[in-house]
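Written out below as structure tokens is the structure these notes cover.
Treat the numbers as computed from the prediction; the structure is a model and nothing was measured. Keep in mind that the numbers below use all heavy atoms, side chains included, and drop hydrogens, waters and symmetry copies.
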Amino acid sequence: MHPHPRTPGRRSRAAAGLALATAATVGTLGLLSACGRSPHSPPAAGAITPGQGQHRTAGMTGASGPANAAGAAAGAPSMPGMKMPMGSRNAEKAAAPVAGDAVAIKNFAFAPATLKVTAGTTVTWTNQDTEAHTVTSAKAGGPLSSAALTAHGTYSYRFTKPGTYTYLCTIHPFMTGTVEVTR
């Protein structure tokens with residue numbers, strides 16, 4: 001008989017904590033082996049190499065030269081076919097203003113990115129994301145200033161003066177939009 005009887009199959013808190021720590025360590029090691037080698041381990045035989053049309057870059061196994069010693073540096077080979085976005089995610093959508101009175105906030109973007117309205121129109125923004133967002137004038141002292149909008153939250157503003165009103169989400173400043181108000 002055991003000195004401390006316990007229900008069969010139950011662990012003490014210490015044993016449960018040790019089991020959890022062991023599982024986390026094994027999971028981390030598995031992630032390292034699945035995602036690549038540790039910077040402290042030697043290169044593996046048959047290591048992954050760039051495919052056709054790709055180049056070895058700084059930090060890759062087998063890369064050499066000054067760029068590899070100091071990380072990616074100017075003059076390092078570019079990645080063919082890769083395009084880097086410039087500015088916000090909404091930059092491409094901003095080219096074509098859309099008429100209406102509603103802006104959806106979804107997928108971390110204002111849609112449409114540019115809305116065209118006449119003076120006197122009330123525009124309503126509706127958050128369709130699960131994350132909170134704001135509608136805030138990009139210029140200090142601008143008229144747009146919502147509280148954080150939770151999922152399905154709305155914010156409305158009546159535009160009375162013609163002009164171009166740029167705004168952003170203060171929580172996620174890469175999210176930008178514009179309202180163009182005409183007479």
Legend entry - S146 (side chain) donor-acceptor with V135 (main chain) under 3.5 angstrom: yes
Inset, instruction - Keeping the roles fixed (side chain from N127, backbone from G153), state whether a donor-acceptor pair exists under 3.5 Å. - result: no
Legend entry - L168-V123 co-clustered via ILVMFWY side chain contacts under 4.5 Å: no
Legend entry - Closest contact, heavy atoms only, F110 versus M175: CE1-O, 3.6 Å
Inset, instruction - Could I get the full list of ring-ring contact (aromatic ring centres under 6.0 Å, His included) partners for Y165, not counting sequence neighbours? - result: F159
Legend entry - Non-hydrogen side-chain atoms of V117 and V179 separated by less than 4.5 Å: yes
Inset, instruction - Please name the pair of heavy atoms, one in A132 and one in A148, separated by the smallest distance, quoted to 0.1 Å. - result: CB-CB, 4.3 Å
Legend entry - Check: Y167 ring centre within less than 6.0 Å of W125 ring centre: yes
Legend entry - Chi angles and distances behind the side chain to side chain contact (heavy atoms under 4.5 Å, CB included) call for T176, T166: CA-CA 7 Å; T176 61; T166 57; over 6 Å; no
Inset, instruction - Would you check if I105 and L149 make a side-chain contact, meaning some heavy-atom pair closer than 4.5 Å? - result: yes
Inset, instruction - State, without any angle test, whether T170 and T134 hold a side-chain donor-acceptor pair at a distance under 3.5 Å. - result: yes
Legend entry - Side-chain (R158) to main-chain (T121) donor-acceptor, under 3.5 angstrom: no
Legend entry - Separation of Q128 CD from H133 NE2 (nearest 0.5 Å): 10.5 Å
Inset, instruction - Compare every heavy atom of T126 with every heavy atom of H152, then report the nearest pair and how far apart it is. - result: O-CG2, 4.4 Å
Inset, instruction - Work out which heavy atom in T164 is nearest to a heavy atom in E180; give both atom names and the distance. - result: OG1-CG, 4.4 Å
Legend entry - Taking every non-hydrogen atom, the tightest pair across K116 and T182: CE-CG2, 4.0 Å
Legend entry - Distance in Å, T150 OG1 paired with E131 CD, rounded so as to fall on 0.5 Å steps: 11.5 Å
Inset, instruction - Could you tell me which non-hydrogen atom of P112 sits nearest to which non-hydrogen atom of V103, and how far apart they are? - result: O-CG1, 4.0 Å
Inset, instruction - Decide side chain to side chain contact (heavy atoms under 4.5 Å, CB included) for T114 and T178; before the verdict, give the C-alpha distance in whole Å, the side-chain angles of both, and the deciding distance to 0.1 Å. - result: CA-CA 5 Å; T114 302; T178 304; 4.1 Å; yes
Inset, instruction - Using a 4.5 Å cut-off on heavy atoms from C-beta on, say whether the side chain of T124 contacts that of Y155. - result: no
